[in-house]
Each structure stands twice: as C-alpha cells, then as structure tokens.
Amino acid sequence: MSLLEVTGVSKRFGGLTANEDVTFTVGTGQIVGLIGPNGAGKTTLFNCVAGFFAPSEGTITLDGQRIEGLPPERCARMGVGRTFQIARTFTSMTACENVMTASMLHERKVSDARADAERWLGFANLTRLADKPAGSMTISEQRRLAVARALATRPRLLLMDEVMAGLNPSEVKEAVDVVLKIREHGISCLVVEHVLEGIMPIADKIVVLDRGRKIAEGTPAEVSSDEAVIHAYLGDA
Amino acid sequence: QQEIKVGVIYPLTGSAASVGGELRNALELAADIINNGAAGVPDLPFSQGKGLPNLKGAKIKLVFADHQANPQTGATEAERLITQEKVVAIVGAYNSAVTATASQVAERAGIPFLNPESSSASLTQRNFKWFFRTTPHDDLFVHNAFEFLSELQAKKGIKPGRIVTLNENGLWGTESGKLQAKLAPDYKYELVKQVSYPAKTTQLTSEVQALKAANPNLVLQSSYTADAILSMKTYKELGFSPDMILANNAGFTDTEFIKTLGKDAEYIITREVFALDLAKTKPLIKQVNDLFNAKYKINFTGNSSRTFTGLMVLADAINRAGSTEPEAIRKALAATNIEGKNLIMPWKGVKFDATGQNTLGQGILVQVVGGQYNTVWPFAMASRDVVWPMPKWDQRK
Amino acid sequence: MLEVRNIKVCYDEVLAVSDVTLTVPPGKIIALVGGNGNGKSTTLRAVAGLNPVQAGTITFNGVPVQGVPAHKRVPLGLSLVPEGRRLFPRLTVKRNLELGAYTRADRHEVARGVEEMFALFPILKERHAQLAGTMSGGEQQMLAIARGMMARPKLLMLDEPSWGIAPKFVAKVLEVIQQVNATGVSVLLVEQNLQKALAIAHEGYVIQTGRIVMQGKGADLLHDERIKKAYLGL
Amino acid sequence: MTFEILAQTLASGVLIGLIYALVAIGLTMIFGVMDIVNFAHGEFLMLGMYSTFWLFALYALDPMLTLPLTVLMLFAFGVLLYKLLIVRIINAPMLTQIFTTFGLMYLLRGVAQFLWKPDFRSVENSAVAGTVKVLGLQLGQPQLVAGVGAVLVTAVIWYFLNHTRLGAALEATAADKDAARLMGIDSHRMFSLAWGIGAACAGAAGVLLATFFPIFPDVGANFILLAFVVVNLGGFGSVTGAFWAGILVGVIEVMGGLLLGPQYKLAVVLVLFLGVLMFRPQGLMGKA
Amino acid sequence: MKTTVIAAACAVLAVGLPFALDTSHLNMAILVLMAAQLGVAWNIVGGYAGQVSLGHAAFYGLGAYTSTVLLVKFGVNPWIGILAGGALAAALSFAFGWSCFRLKGHYFAMATIAVAELVQIFFTEWDFAGAAVGLYVPMNKTGWAWLNFATKMPYYWLALGLLLVTLAVNFWIERSWLGYYFRAIKDEPDAARSIGIDIARYKQVALAISAFFTALGGSLYAQKELYIDPQSVLSTALSIKMALVAILGGVGTLFGPVVGSVVLTSIEEFTRILFGGSGKGTDVIIYAGLIIVIAVFYPTGIVGWWNNQVRRFRSRQAAGAKPVSGTQAAGELS
Ligand SMILES: Nc1ncnc2c1ncn2[C@@H]1O[C@H](COP(=O)(O)OP(=O)(O)OP(=O)(O)O)[C@@H](O)[C@H]1O
Ligand SMILES: Nc1ncnc2c1ncn2[C@@H]1O[C@H](COP(=O)(O)OP(=O)(O)OP(=O)(O)O)[C@@H](O)[C@H]1O
Ligand SMILES: [Mg+2]
Ligand SMILES: [Mg+2]
C-alpha cells in the first residue's frame, strides 16, 4: 500500500475546474515530482492534500486513512507537512522560534523543542540564521526556513511547493541534497517544481498535470520524452 | 480669616458637560453671595453679612472636580477631595450613578455629602449616615404628576383617558417609567403602553409609531435634550398629536429646547422644580436670578437653582455647627430646618428625614405658552391656566 | 543611460548593499547576478526609489534621481517588475495592466498597449476579467512583466522574472525580454537562471555581500571558471 | 398595526438609512484605501454640523447653500489631518492606528467643547423644514433632502472609484502601496485624497443632519457605532456595500424597533450584523 | 543579575508604597493596579494571540454582575461570587468566540464590539439584575471574609495580588508552548494550521483565560466602588481602555500593560485634576493629545520601543556594523 493515494480528485472554483479526476500515489520513502504548466492546478492539489481545500470529488488517503476534507491541522497531525508557494513564516519570531513552534507538536517542553529545532535548522543548513528574525530574511531564505519548520512536525509526507525557485544552480544543488536527506529520514516527498534541474535527477516518479488533468506519470526519463508533456510543458527547445 | 473648603464634583467634560457648566456657575454665585454678600436679596441667608458669622466670618472656598459622568472617576475625585484637599463636605454630583459611588466614598471617610439634584429614589434608600439630598426624588415627581392629573379632573373636569409612557432606557428614564407604571393604577389611570429607547439614538421613528399605534391621550415622557428635541420633531413629522405631553424635566427644560423648536415646543407641560414666573409670588426668585443673569448672562434653570440652594443649605449647616468638624456639620445638617421663604425654590422648606431626604421639597409643573415656561401647577402658584388639549399639528398657525 | 555610483542601502540598521556601482548603456541588457540575500533586489529597489540610498548617486539619462520619489521616476522611463510580483490582487487582469500605464495619459495608446500585451501573453487575454489574486503563480508572473512594460519604460528592471515559471515559458519570457530590448528599451535583469540570463545579457555584474565583485561580458562571465564553480556548481 | 404605519415606518427607515450610508461611505473609503479604521469619523460629522451651524448663526446662510462650502472645508480638514498626523502612522501596527484615531476622536470632541461650549445647538428655520406628503406618506423635508443627497454623493463616489483613472489609482494604492508607487502613483496623494473624500462625505452628512438633528460636541457618538456596523455589514472598503447596508440597517432598526420594542432596536441591528457575518465573514459586498 | 535587582526594587516598591501614600494617592495606585491587571488580561488574547477584542467589557461586566447579583440577591459570599463570575465569563467567551473567531482583522474587532453591546443591552433590560438602575453592594458586611473594606489598604493588596497572579499566568504562557502557538496564530494563521495548530481552539483558550481574569477585575471593581450599572461596567469605552493600556505599554509584552497603565492612568488623573475643574474640556484635549503623541512616537508601545532600542544596541555591538552576509558562494570570488 502506498503512503498517499489520491484517487479521482477534482476541485472546482465556481465555474473554473482547477483539478479534474486526478489519481496518483506516493509510496513510502518516495520522492514524487508534480510538474505542469502554470495554472495546471498543482498548488490546488497540494491544498487538497494538506486540508486547505476540500476536494469537490474524489478521495485522498494517507496510510489507508481518509484525509480529504479534514482541516489542515488534523492533516498536519496525521503526518502531512507542507510549505507554501509564498513562504509564510512567523515574522515576529526568529528562525529558531519558527521551527520550535512546529516542534511543539511533539515536544511541549520549550527546552526540548529548542533542541529539536536546532537539529532541524542544522539539517536545512540554516544554523547560521537561527537567531535572525524571520521578517528580515529574504524570500528564498524564508522558503528554506519553511522546509525546516515543516520537517519539525515530523511528517510522513512532506509537500514542497517551489522551494527551489529563485536559487542559482549551485544553491539548487544544496537544496537537492536537503531533499535527498529528507528521504533518508524515511519521509516521502511530493515536490512541485519548475526548476527541473532540481527535481528530475532525484524523483522516483513524476506526475504531470495540465489544465487540471493528469497527462502523464512515470520516471523522469519517461516523462521527459513524452510528446504531450513536451508540448504542454517542456517546450520544444 | 478662615477658609472652608467645600468639594464640588460635577460633569465638566463629556456628554453632560453642558449642564455641568451651569451648575458650576450657580455654585460660584452662591459662594460669592455667602462670602461677599449681595444687595437686594434680604430674604436670602448670608446675603448681608460677610462669610459665615458663627465661624468668625470664614469664607467658603469651592474646590471643583470633574467626574466626566464616570462613576469610578467620581469616587476617585471624592477620595482626592477628602484626603488631598481636605474638604469639610462635598456637593455633587448630578448624574445619579456618580452620586452613588462618590457618596459611598464620603460615607466611608465620614464626610458629609450634600446632593442637590440627583433624582434617583434609590440613593436615599441606602441608609447612609452622611448623605443628604435637598431635591425631591423621582418618586415624588411621579406622584406630583398624578396628583396634578387628579386635581385637573376634580377641579376642571378634564380626564385624560389612555396614557402611554416614553422614556430613555438609562437609570433615570427607566426608574421614572417604572414608577409611572406602578402609580398609574393607584390613581386609577389606564396605562396602555410603555416605550423605552436608548438616549443616544439617531432616530425615534419606531418609538413614535409605536406610541401612535396605541392612540393615547396623554404621553408621560422622560427624555434628555437631544432626544427630547428629536422626539418633538418626529411627533410633528409623523403627525402624532396626543392631548397632552407631560414631560419629566431634563431635556424639556434645557435652554435649547424652546430655542430650537420655537413654535413646535408650545403646549408641552413639563415637571419642574423651579420657574422664573414664580417670582410673582416669591420675589426672591427674581432678585437672585437677576444677580445670576448679570454675572453669567443666563437664567436659572431647575438644575442650577437646586444646586445653588444645595450650597446655601450646606453653608447654613456649617454655620450652625460653628465648626468644620465633619461630625458637627453632619449633626447640623440633620437638624436643618430652613423655611420656604428663604429659598429660591418653590418648596415648603428644607428638613431631612432619617435617610437624609428633604421632606419639604415639591415639584411644580410648567407649560410652554408663548415661548415661555408658565407655572400651571400647583394651582395655588399657577400663573396661567392649563391649555388642554394641545392643538393638533395641522391646526396650529 | 543608468549610472549607479557607490550606493549604500540599509534596512533600519542592517546594511544590505554596501557599495554597488554599475552602468546600463542605452539599448543593452545588463544582468545582475549573485547568491541569495546578497543585495540584488535591494539594488533594484534603490534604483526604482523604493529604498532610499544612504550614500552614492544614481543618474538616469544624466539626471541625478536619488532624491526623486519612486512615483516620479516612472514618467522618467524607469520601471521595475518587483520580486514577488506585487500585483493588485483584487483588481482584474485588465485593470492591472491599465494601471501599469498610469503615467501615460493617452487612453487610446493605453488600450493599444493592452492589446499588445494580450498578443504577447495569450493567457492574459483569456483571463482578462479574472481577479489577479486568483491566478496561478506563473500566470501572475506574466501579468507582472506585462504590467511593467505597460509604462513604456526606457529602462525596464526585472527582478527574477523566470521565478516560478514553467520551463516552456521561461524561454518565452527571455524571448520577450529580448524583443523588448530590440525595440530600444534597456534592461536590467536580476536572474537566478544564470546560464540563460548571461546568455542573453550584453554584460553582467556579480554581486556579493552587497558589493560588486566582478563585471564582464555576459558570455565571458558564463565561461569564467570561478563563476562556474561558485554559481553553477560545475 | 396598519399598513399605513408599516409603510410610513419603512419610508423613515430608508431615509435615516441613507444618512447612515453617507456617514459610512466616508469611513469605508478611508478604510478601503488605507486599512485604517477611523474612530474619529463621527467627529468629522460633528465638525460638518458645527460648520453648518456657525455659517447659519453668524451669516444667516442656509445649510443648503453652505453645503458645498462645508464639504470643501471638511475635505481640506481631512487632507490636513492626513498630512499632519496620519502620515506618521501609515506603517504602524493596526493597534497603534486604532489608538491614534481614538485619541483624535477625544481630541476633536475636547476642542469642540473648548471652542463652542458643550451646549446643544440647532439650525432653526432652514429652507428645508417641515414635512411633505409623498404617495400618502408623511416625510420630513430635511430627511428627504438628506436622503436624496446621500444617493447623489454615493453615485458620484461610485462613479469616481470605478470609472476614473484616479479611482483605479486609489484602489491600486489600497492594494499595495509600494507596487502602486512603481506604477507612478503618488501614494501620499492617494491617501490624502482618501482622507479628504472620507471627511467630505462625513461633512456632507453633517450638513444634511444639521437641518434636523441637535448639534453638540459629542454628537458623533450617536452615529459612530451604527456607521461601523454599516461599514462591516457592507464589507470594509466597499462603497456600494456601505450604501445598501446603510439602508438595510436603517430599515431593520425602525422595523425591529416597531415590532419588537424600541429598546431592542439596536439589538436587532447587532444580531442581524453578527448573523450576516457568520455566513459572509467579509460582509455583504466585501471581497474575501 | 540586572533583572534580579530590578525585580527586587519593584517588589520593595510595591510593598512599601502603600505605607508611604495618603488615601487619595493610595486610591490612585489601586486604579493603576486595576487598570494594569485588565491590560495584562486583555494582552493574552489581544496581544499574544493577536485577536484584537474591543468587547472585553462584556467579561468585566459579567464578573461585576455575577458577584454582585449573587451577593445582593442570594447572600453568596463574594469570594465565591468572584470565582463564579470568572467561570461564567470564561463560559461566555465560548459564545463570544463562536460568533467572532471566524472573522479576521477589523471584522473581528467590530464583531466583538457588537457582542459586548448586546450584553450591555441585555443587562440594561434585565430587571432582576437592576436593569438600568444598577445594583448597590451593601456596605454592612466588611472585612476580608466579605471582601469589603472601610479603608483603602486592603484593596491595594487585593489589586496587587490579582495583578501578580495575572502576570504570573502571562509569564507562564509567554514561556510555554501556548505562547509560541499564540504568536504563530497572530503572525500567520494558515501556516500555524499547517504545523498542526488547531487555531480555533487556541484562540478560544486565549480568550477564555483572558475573559476569566477580566471578570475577576470586574468583581473587584464592584467590591471597591459598591455600585454597578450597565453604563459603568459594560460600556465599549471601557473595552477600549483595556486595549489602550496594553497598546500604550506594548502589546504582546509581559510588562507592557503595567507600564501602559502607569502612564495612561497618570495622564488621565493629572490632566483631569489640573485642568478638569475649568470645565472647558482642556483636560480632554491634553489627554487625547498625549495619547496621539505617544502613538506616533512609540508605535510599538513604550516597552516595545525599549525592547527595540535594546535589540538595536545589541545587534550593533555584535555586528560591528558589518554588512549582513548572504549565502556565501561555494568558491571565493574576489
Ligand atoms: N481561489 C481560487 N478561485 C478561483 N480560481 C482559482 C483559485 N485558486 C486557483 N484558481 C485557479 O485555478 C487554476 C490552478 O491554480 P494553481 O495555483 O493550482 O496552479 P499551479 O499549478 O500551482 O500553477 P503555478 O505553477 O503557476 O503555481 C489557475 O487557473 C488559477 O487561476
Ligand atoms: N525588509 C527587509 N528588512 C530587513 N532586512 C532585509 C529586508 N529585505 C532584505 N533584507 C536583507 O537585505 C539583504 C539583501 O537582500 P536582497 O533581497 O537584496 O537579496 P537578494 O540578492 O535579492 O536575494 P534573493 O536571491 O534571495 O532574492 C539580505 O541579507 C536580507 O536579509
Ligand atoms: Mg502553484
Ligand atoms: Mg531578491
């Protein structure tokens, strides 16, 4: 059984269909890339999995338990961690406090939470910024912080929305290392990314969405040679 | 020469500041007369001599404090006046709710508290030892209104049939409304509807419609200034013409009431404690009012005349006590017995019962005719006959 | 055209840009590259007037502009497509575009400008009545670029325009930038997609901890060993 | 309860509702553009009323004549206030802004008392006075004029916001002032404009009210709570929302008062307000 | 080290003060403590959790009314009445939260005003509780057993004790997971949910604690002033004052409301004492003017401002005015 099973999920906003009948799975310890043109419905799908939207149709299960329609905090408790496309850090706190707050899902004691947070900051190469107020970090720094924060909730599945945007190639490499490390911890990852250099080399599977529908699924190699994907997303370059 | 400090707590800012200012003037006049005398008011105590004779001509010094219509502030100021300013007595505080808390402080400190104008009946039901009130309270005023109606029926054969009440829903209006409801059956009148509304209202349409639907002959009304004016305008707008509007002072006696409404204020009857036309039977009123008018360019109103009288009563007590000891003053206050002729009020006099309430106070009723308040009751003091019924709006010139 | 001389910019007490000097000649594309948090965006913001400079000068077409408020720099021909898009989320796509041309008075011209943008980015035409805030990330980015061009700037500054854009459109965006440049508009480009940016840039500057540390022809920089090692991880 | 009474009450409710709308439109403008709740808005109304009163008392100018003058004065006052004070708190936390406008409310009341004494005043015998019969309904002339005035002002502002370049610029500034600056929009000018228009609306309402409502330093307190309710109900920042919500509140207030007892008329409005927010947290016409 | 000295000084001051003051100044000190306590209680939900309530008078009034009605109508000892009031207010806070918490920002603030106004209307019309006429607390039973005193000193200790307890609770909140959760909810509610925080529940927790302590303050008021009516314990002006105290001192800081209360109460009292007697409104003008000046110059409150100064000083010392460094490139460039 796969960790995450998304079955026949549709999501409509008024007249607009953002997701239509999307089905795929994420296995334990897998990195799955979710790609597709702008407006394909990736973030929307994310929001459905993380509980921010209730799907209009379809089911979502985590480890066999239905989670669709649950509020975000319940999803988080069940093991779905996420980052936001626009980093939403707690701006009045330092980086460390941001992560501590997330750690508190398991460690109510502040000193324990701090120790835990410091571990995760180290994990995401952010130790240097631990005491910096999140409000004065650049956007890309905040994204990395958001990853550390999501990890601190000890998710089984981590949803990452474009965490590699705005990084230069060598920074992308660092980020890739972080994702690999996350997998080593036994955490599955569902990654939305336009920076293909960041996702293609490491993904176990790629799911491609276009206009809300799944148009392809397979290994990176399979997907990148798929006609439909090239046409809709990669471009003929 | 000794100075006797008397604390004064009134709303000098905030929504009741307009009244507070008048009261302040009245007190200053009273203190001035006591301290420096005044010509042409032979009946007024202290008007000839200088200061309080029994205290070697000691002068009254007023220490003003602003309570902003806030009960806690009133208590705080009372505390300050007593311990900082070392006042020998306190006069105040207009708003009944503030009088309630401020007098509580005086009670605990053992300082006489003289209240000249708060009308909530409950204030003298507390069995306070140091609290004295010169004005009649709402209970008596409401009784007065019904006595007036009975006498009107007995003497002139006029009987208002259906009665409704309209009152603002604060402390004062509510208490008045309740008393009216309680007393109406005692006097065998039919109270068909009671309507209350928030004083800070922006419109009174639904209130007036509700009244209109009850089709009354008589409206008993308790309103402050803005809402009194608004209600009259709404009556006219909606064509509501009862035979009589018998108002309960406050807004209806505000200087602005007649000025604003002009002709539309005609024929309103309102309870008063004071009227300038009483001077016909009591010249003292005109004499003192002339002094007031000369100094502040305004005439006495029910509020300012009562406050003026309050300080006179207190000064009389301090003088008789011959001492500034609180206990001596309290005893003297309790033994007060001033005759009506020495007051500018239409009262029989001032004499306190065990609760500290003046038992000789009395209200009057005035009717607006020709842009003036004319005393119409008690009939003995009346300067005009009651106009009944009020002409309908569309029949007025 | 644009001359930035030794500028220094702070956020509160924090020094973000300590010494930046760069030149954008007329009709050229200039790339400004560097790692995260090194002051690229801050430099652009300073040129656009959103952040005051503590020291140094900014000259545009020979006129010193460092004291000129941001909104008065737009009619001079300076336009910035800011980091993070900064659209007007509750206004429609079309109205966002029209606001881009706020300083241009001729309504007719503006309407034509809008049509041009629609031609350039068909998705915007399709969604012209949608509220900008509900568009997908990439759609928003296109709108932001289009809006920036609506002012008909002489110098267009773009802060990471390919950010969050699907690969197919990254090429498209860079193409658009070159097209715009071909019409005589100078471009100052901040971009993480180093290879692509330096490939289209006539000249590039490298910024590190708030100062310019390297400068050269785009292609030269791209082949510079140090750059390869530092930024491309090669 | 007769049909006549119901119809009459409804009409009165609509008329007073239009005044609420006018007060609320100014408030919602300022909020919409700057995200600042102006607690001193009732005091703008008060200033409008006093201006009318003094022009009337000193120069015998009829309120209907002085309306443009008062509106202009309040506009200038709003702009001045922005330049002197509000500009300093644009970036302050929401609470600080509340705190400031709250202080301003007290300040203006205090100043009014200082300058003009706490007495009640009124404009007597203005050109519009008395009542007229319309379709069998007895309507106060001042209220009628005020109602028509409110409709006109709302229409003008609505047009301005939705169909002019300046209106679009105002909205843009409201959304993101830095981004607006990048479009060449002078955000300070837009903010002063918002304050100017906001104050002018309250001023217009003040003039219209002065023809039938007593004038005193604290008069704003009578209107401010309802104005807030209207702004909320309509949706913060929505001018059309404020317009319809104003009428709705006016009608609900008088009808609720008539049917349930006048002491509960405010309660009826508040319950309606909370009930609506429960289903539409952004107000009737607010944007989510 | 330094903090212990300051704490000790404060303790000595708090204990010694009442012996050095005359009754009127003592009374003022009590007012400061009472206002501070309300500010501290408000701060829990308004400051830490960022839910700006302008309807706290509802809880205050409920506290005052509960203890007074129980005492006057049923002869219940105020010690019990006060706790009952606190409990009732905490219970009311659920209805309050249920109707308001789904609203955001200004919508929330205005809705809280509406709820509090409704509570005020209810008490104004409720005859059993004295309606608009209000209730008197009888003066006959005095002493600690009845929480009613002829002198001011015991009220001082009561107010001080209540303030200290409220502060202690805040202190604990600030340093526990609750404090972190509250701040997270304040900063980014969506992100807070994504890390498993049930924001509806925690907002409610904050409100209930805050309501409980606010109600205790209300009961103390009733016991001190001996008269309550809807106007004096349920008005919106009161709600706003609670918020003002906290804002002025610094929201979301432990001692902010205490400092705020000292400053605001002093301004209020002294302007009134010095200028209030004139009847010209000068006191209000000066009071309001000072509020505005403070808001403009200390937008984050007095304690907030101080913290910023300290932080700046420290960071300047630490950084030595070096530029902040971004990500270092893997290789050295220059
Ligand atoms: N709340 C909403 N209301 C209306 N439409 C929406 C809403 N949210 C998203 N959409 C629309 O749904 C579609 C899918 O959006 P989504 O954000 O999921 O795209 P995406 O795949 O994440 O794109 P990108 O890569 O550009 O971020 C878009 O066309 C968007 O405009
Ligand atoms: N609003 C702010 N307040 C305080 N400091 C800030 C702010 N914005 C940026 N900084 C700091 O200024 C420095 C430069 O930031 P800038 O945004 O210019 O970097 P950048 O090169 O654009 O980085 P990125 O690639 O992440 O966008 C960083 O150290 C950042 O932390
Ligand atoms: Mg997306
Ligand atoms: Mg940047």
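Below, chains carry the letters A, B, ... as their sequence lines are ordered, and counting in each starts from 1. Please read these numbers as outputs of a predicted model, since none were measured by experiment.
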A:Leu167 versus chain C, heavy atoms under 4.5 Å apart: side chain, backbone, both or neither? both

Taking atom CZ as the centre, does A:Arg211 end up with more than 12 heavy-atom neighbours from other residues, nucleotides or ligands that are less than 6.0 angstrom away? no

Using non-hydrogen atoms and a 4.5 Å limit, figure out which bit of A:Ala18 sits close to chain C: side chain, backbone, both or neither. neither

Would you say the side-chain atoms of A:Asn38 pair up with the backbone N or O of C:Ala166, donor to acceptor, closer than 3.5 Å? yes

Evaluate the side chain to side chain donor-acceptor pair (under 3.5 Å) criterion for residues A:Ser170 and A:Glu174: first the C-alpha distance (whole Å), next the side-chain angles of each, then the deciding distance (0.1 Å), finally the verdict. CA-CA 7 Å; A:Ser170 72; A:Glu174 280 177 40; 5.5 Å; no

So, the part of A:Leu16 with a heavy atom under 4.5 Å from chain C: the answer is side chain

Under 6.0 Å between ring centres: does that hold for A:Phe53 and A:Phe13? yes

Does A:Lys181 count as lying over the ring of A:Phe123, i.e. NZ or CZ under 6.0 Å from the six-ring centre, within 45 degrees of the axis? yes

Segment of C:Glu139 engaging chain A (4.5 angstrom heavy-atom cut-off): both

Proximity breakdown for C:Met135 and chain A, heavy-atom pairs closer than 4.5 Å: neither

